[in-house]
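What you are looking at is a predicted structure, and each value in this text was computed from that prediction instead of being measured. Lettering follows sequence order; numbering is per chain, from 1.
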Number of protein chains: 2
Amino acid sequence: MAEARPERADAARNRRAILRATEELLARHRPDQISMEQIAAAAGVGKGTVFHRFGSRMGLMVELMRERAYALEGAVTTGPPPLGPGAPPEERLMAFLDAIVDVVGRNKGLLAALGHAATAAPRPAREQGEHRDEAGGEHPLHRFWHGHISALITARRPDLDGELLAHILLGSIQSEPVLRLLERGETSRLAASLRAVAAGVLAAPASGDPPGTSA
Amino acid sequence: MAEARPERADAARNRRAILRATEELLARHRPDQISMEQIAAAAGVGKGTVFHRFGSRMGLMVELMRERAYALEGAVTTGPPPLGPGAPPEERLMAFLDAIVDVVGRNKGLLAALGHAATAAPRPAREQGEHRDEAGGEHPLHRFWHGHISALITARRPDLDGELLAHILLGSIQSEPVLRLLERGETSRLAASLRAVAAGVLAAPASGDPPGTSA
DNA sequence: GGATAAAGTGGACCGTAGGTCAAGTTGGAC
DNA sequence: GTCCAACTTGACCTACGGTCCACTTTATCC
């Protein structure tokens with residue numbers, strides 16, 4: 001993992017400038033109003049540089065998000081309870097949900113941009129074929145979050161579909177209406193309801209699907 | 001509501017052709033791979049006609065979705081229980097969630113397209129300013145769904161934040177990973193977990209948010 | 001069976017955005 | 001000081017959503 005050729009000084013400077021400029025623009029404008037060219041201009045570099053460093057719009061956004069969520073990941077894997085290891089699963093889950101709401105709340109624009117990038121990104125220019133593989137966008141952040149939630153749920157309730165429930169929990173935070181709520185600052189309201197949902201799920205009686213539904 | 005000038009025969013024919021063609025394409029390709037021009041070509045009309053009839057990509061998608069979900073809306077407002085009025089709220093909620101999962105499952109592509117359209121749509125061409133009002137896309141379908149779920153939750157548990165919970169429930173179905181699940185045909189798996197979530201929420205103890213969270 | 005006006009149609013056209021590339025510049029190891 | 005690989009750049013390419021308007025079709029009215 002130690003890069004033999006670390007990164008040239010100017011490259012590092014530009015990378016940071018681009019990241020900074022993106023943050024700045026994201027804070028002031030709707031994400032789909034921000035073009036890569038604007039970002040380049042704001043960072044004081046050429047458009048080519050942006051693409052050279054980050055590959056695509058999606059790449060840039062993912063990088064930014066990774067940077068932002070880095071602390072949370074650390075707190076979860078090596079920090080003190082209840083976020084970190086040590087506390088019982090349900091407490092960790094609650095704490096983690098709170099933390100995620102917090103991160104998402106402070107990064108709604110970026111989240112939206114990620115969503116936007118996911119759909120708008122991969123135009124291979126020349127050579128566009130059918131062979132776009134199944135795995136859509138799924139930024140690594142999401143991976144970690146999902147894995148963690150999923151593990152916590154399963155730890156407490158192995159009888160439930162933790163995998164899916166984690167997707168449901170996470171998905172709900174990323175939906176447009178909820179993001180809009182966050183934009184209006186109702187962070188704690190969301191956190192409370194999410195807790196309620198999670199608590200309800202963990203406390204639910206052994207799952208038995210009543211009959212009469214789809215195949 | 002009765003249109004004095006109903007719609008010319010050729011217009012009606014083309015409208016249907018366009019809708020049909022869109023369905024067809026949606027069934028075979030990823031939604032963001034489908035351009036309006038392709039749709040027009042597949043329908044055997046000019047691009048201008050498509051825009052004339054539906055206004056924008058978003059308009060077309062919404063129309064298609066409306067068509068698809070029309071039956072469900074009818075079943076809910078005037079049909080027999082448990083979907084229609086008459087059954088107790090929790091039963092109606094469960095039935096409705098099942099129904100939505102079903103509709104969404106049979107229209108994942110379209111759903112994704114709606115999302116895509118929502119972000120990619122409104123480029124005012126000339127005259128682009130900052131004045132994009134708060135209300136994002138929010139197709140009417142979603143409105144109805146949300147209202148219904150929200151009402152059912154509130155009916156049963158006025159102490160909970162039905163509004164938000166409805167958004168959470170709905171949002172979860174629209175997230176990418178869940179959509180992908182549906183694409184793999186795991187409809188009943190999703191329905192089961194959604195039921196579990198809803199049941200948990202309705203059964204949850206009176207909400208008291210434990211202290212210590214964000215402002 | 002025309003005449004006529006409203007409705008509908010099509011496709012060239014526009015602006016913009018993401019992404020590419022080949023030629024030039026620069027950092028830094030020796 | 002030399003040299004090469006990494007880096008930078010901005011003109012350029014392609015594609016898309018959406019607009020426009022000259023032209024065709026439909027339906028109505030006499």
Side-chain angles (χ1 to χ4, degrees), chain A residues 3-18 21-22 25 29-62 113-114 116-129 137, chain B residues 3-18 21-22 25 29-62 113-114 116-129 137:
Chain A
E3 312 87 79
R5 234 12 114 82
E7 187 176 51
R8 248 169 58 174
D10 53 344
R13 197 178 343 115
N14 281 342
R15 147 181 256 105
R16 290 191 44 201
I18 293 168
T22 309
L25 288 174
H29 307 284
R30 307 203 64 200
D32 50 280
Q33 294 278 334
I34 302 173
S35 71
M36 295 301 274
E37 206 140 7
Q38 269 175 64
I39 291 175
V45 303
K47 187 160 66 144
T49 303
V50 177
F51 280 93
H52 181 65
R53 292 252 74 76
F54 297 100
S56 72
R57 184 190 183 92
M58 184 67 175
L60 170 57
M61 297 304 174
V62 166
L114 268 172
H116 182 240
T119 101
R123 182 121 24 90
R126 36 209 92 171
E127 239 278 279
Q128 155 244 54
Chain B
E3 313 84 83
R5 234 13 112 82
E7 186 176 53
R8 253 169 54 174
D10 54 346
R13 197 177 343 113
N14 281 342
R15 145 181 257 104
R16 289 191 44 199
I18 293 167
T22 309
L25 287 174
H29 306 284
R30 308 204 62 201
D32 50 279
Q33 294 278 335
I34 304 173
S35 70
M36 295 301 275
E37 206 141 7
Q38 270 176 64
I39 291 175
V45 304
K47 188 159 64 142
T49 303
V50 178
F51 280 93
H52 181 66
R53 292 251 73 76
F54 298 100
S56 70
R57 183 190 184 92
M58 185 67 175
L60 170 57
M61 296 306 173
V62 166
L114 268 172
H116 182 239
T119 103
R123 181 120 25 89
R126 33 208 96 174
E127 241 276 281
Q128 153 244 54

Nearest-nucleotide comparison on DNA chain C, the residue closer to the 5′ end among A:Gln38 and B:Val45: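 Comparing both residues, the 5'-ward one is B:Val45.
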Shortest non-hydrogen contact from [X] toward [Y]:
X: A:Leu25; Y: A:Ala42; answer: CD1-CB, 4.1 Å
X: B:Ser35; Y: B:Arg57; answer: CA-NH1, 4.3 Å
X: A:Phe54; Y: A:Ile18; answer: CE1-CG2, 3.6 Å
X: A:Ala43; Y: A:Ala17; answer: CB-O, 3.7 Å

B:Arg15 CZ to B:Thr49 OG1 distance, which is reported to the nearest 0.5 Å: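 Output value for this atom pair is 12.5 Å.
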N or O in side chain of A:Thr49 less than 4.0 angstrom from D:dT9 OP1/OP2: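 Answer yes for this pair, as a side-chain N or O of A:Thr49 is under 4.0 Å from OP1 or OP2.
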OP1 or OP2 of C:dG8 under 4.0 Å from side-chain N/O of B:Asn14: no
Atom pair distance, as rounded to whole Å: [atom1] in [X] and [atom2] in [N]:
X: A:Glu37; N: C:dA17; atom1: CD; atom2: C1'; answer: 8 Å
X: B:Met36; N: D:dT19; atom1: CE; atom2: C1'; answer: 13 Å
X: B:Arg57; N: D:dG17; atom1: CZ; atom2: P; answer: 5 Å
X: B:His52; N: D:dT26; atom1: NE2; atom2: C1'; answer: 13 Å
X: A:Ile39; N: C:dG19; atom1: CD1; atom2: P; answer: 11 Å
X: A:Phe51; N: D:dC13; atom1: CZ; atom2: C1'; answer: 13 Å
X: A:Leu60; N: C:dG19; atom1: CG; atom2: P; answer: 11 Å
X: A:Arg15; N: D:dT8; atom1: CZ; atom2: P; answer: 10 Å

Residues which pass side-chain contact (heavy atoms from CB on, under 4.5 Å) with B:Ala40, listed by chain and number, not counting sequence neighbours: B:Val45, B:Lys47, B:Val50
For B:Arg16, all residues meeting side-chain contact (heavy atoms from CB on, under 4.5 Å), sequence neighbours excluded: B:Arg20
Sugar-phosphate, base or nothing in reach of A:Ser35, heavy atoms under 4.0 Å: sugar-phosphate
With sequence neighbours excluded, residues passing side chain to side chain donor-acceptor pair (under 3.5 Å) with B:Arg53: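 B:Arg53 satisfies side chain to side chain donor-acceptor pair (under 3.5 Å) with no residue once adjacent residues are dropped.
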By side chain to side chain donor-acceptor pair (under 3.5 Å) - contacts of B:Arg13 (at least two apart):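 Side chain to side chain donor-acceptor pair (under 3.5 Å) list for B:Arg13, sorted by chain: empty.
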Atom pairs under 3.5 Å, N or O on each side, protein against nucleotides 28-30 of chain C: can you list them with distances?
residue : atom : partner : partner atom : Å
C:dG28  : OP1  : A:Ala9  : N            : 3.4

End-to-end axis angle, where each axis spans five pairs of the helix from C:dG1-D:dC30 to C:dC30-D:dG1, to 10°: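 Rounded to the nearest 10 degrees, the bend comes out at 0°.
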Earlier contact from the 5' end, DNA chain D, for A:Lys47 and B:Arg13: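 By nearest-heavy-atom nucleotide position, the 5'-most residue is A:Lys47.
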